[in-house]
Amino acid sequence: RRQRQMCIRDRHGFPAPRAREIAFQLAAASMLGDASEVAKQLASLHKVAPNFDVERFVGSLPYSDNGDRAALRDALAVVL
């Protein structure tokens, strides 16, 4: 018998974003230079994943181009 995983939901009933989604949003805000969005996403990431590791995160992604990994790593490193 399989157990159902609990899904954390936001105040509207939608599934709350996970660390992966927040990290991508944080990287995008960093690349765009949107300081207010960076602050918002950074606070969310620290709340969801206080021990977030950029190298571990980037290493887990299925990118075949190392340039894509480097761009994401650099965008996150600037704000973390």
Side-chain angles (χ1 to χ4, degrees):
R1 216 172 175 188
R2 290 174 57 186
Q3 287 185 332
R4 296 179 80 187
Q5 282 188 312
M6 293 294 294
C7 179
I8 299 172
R9 298 198 175 266
D10 69 7
R11 63 188 176 98
H12 301 292
F14 294 106
R18 293 178 287 168
R20 177 183 171 110
E21 294 148 342
I22 295 169
F24 279 119
Q25 292 170 356
L26 177 59
S30 172
M31 289 178 187
L32 293 170
D34 186 343
S36 64
E37 189 65 20
V38 165
K40 176 183 161 189
Q41 296 303 332
L42 190 56
S44 295
L45 185 61
H46 284 309
K47 182 177 178 183
V48 173
N51 298 322
F52 181 80
D53 183 275
V54 174
E55 292 300 323
R56 186 174 176 193
F57 170 67
V58 173
S60 72
L61 299 172
Y63 291 157
S64 58
D65 182 359
N66 285 331
D68 291 337
R69 287 181 198 277
L72 183 58
R73 181 183 299 113
D74 293 346
L76 290 171
V78 168
V79 295
L80 289 175

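Quick note: residue numbers are just sequence positions, from 1. Keep in mind it's a predicted model, so treat the numbers as computed, not measured. The basis for the numbers below is simple: all heavy atoms, side chains too, and nothing from hydrogens, waters or symmetry mates.
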> Which residues satisfy the side-chain contact (heavy atoms from CB on, under 4.5 Å) test with D74, sequence neighbours excluded?
Replying inline: none
> If you look only at pairs with a residue in residues 53-67, which of them pass as a salt bridge (charged side-chain N to carboxylate O under 4.0 Å, His left out), with sequence neighbours excluded?
Replying inline: E55-R73
> What closest approach, in Å, do A19 and V48 show between heavy atoms, and which atom pair accounts for it?
Replying inline: N-CG1, 3.8 Å
> How far apart are the closest heavy atoms of V78 and S30, and which atoms are they?
Replying inline: CB-OG, 4.1 Å
> Can you list the residues that meet the ring pair (Phe, Tyr, Trp, His ring centres under 6.0 Å) rule with F24, with sequence neighbours excluded?
Replying inline: F57
> What pairs of residues pass the ring pair (Phe, Tyr, Trp, His ring centres under 6.0 Å) test when at least one of them lies in residues 58-80, not counting sequence neighbours?
Replying inline: none
>> Under the rule for side-chain contact (heavy atoms from CB on, under 4.5 Å), what residues qualify as partners of L80, not counting sequence neighbours?
In response: L26, L42, L45, F52, V54, L76
>> Looking at every non-hydrogen atom in both residues, tell me the closest pair between R69 and P62 and how far apart they are.
In response: NH2-C, 4.5 Å
> Can you pull the side-chain hydrogen bond (donor to acceptor under 3.5 Å, both in side chains) pairs that have at least one residue in residues 36-50, sequence neighbours excluded?
Replying inline: Q25-Q41, D34-S36, E37-Q41
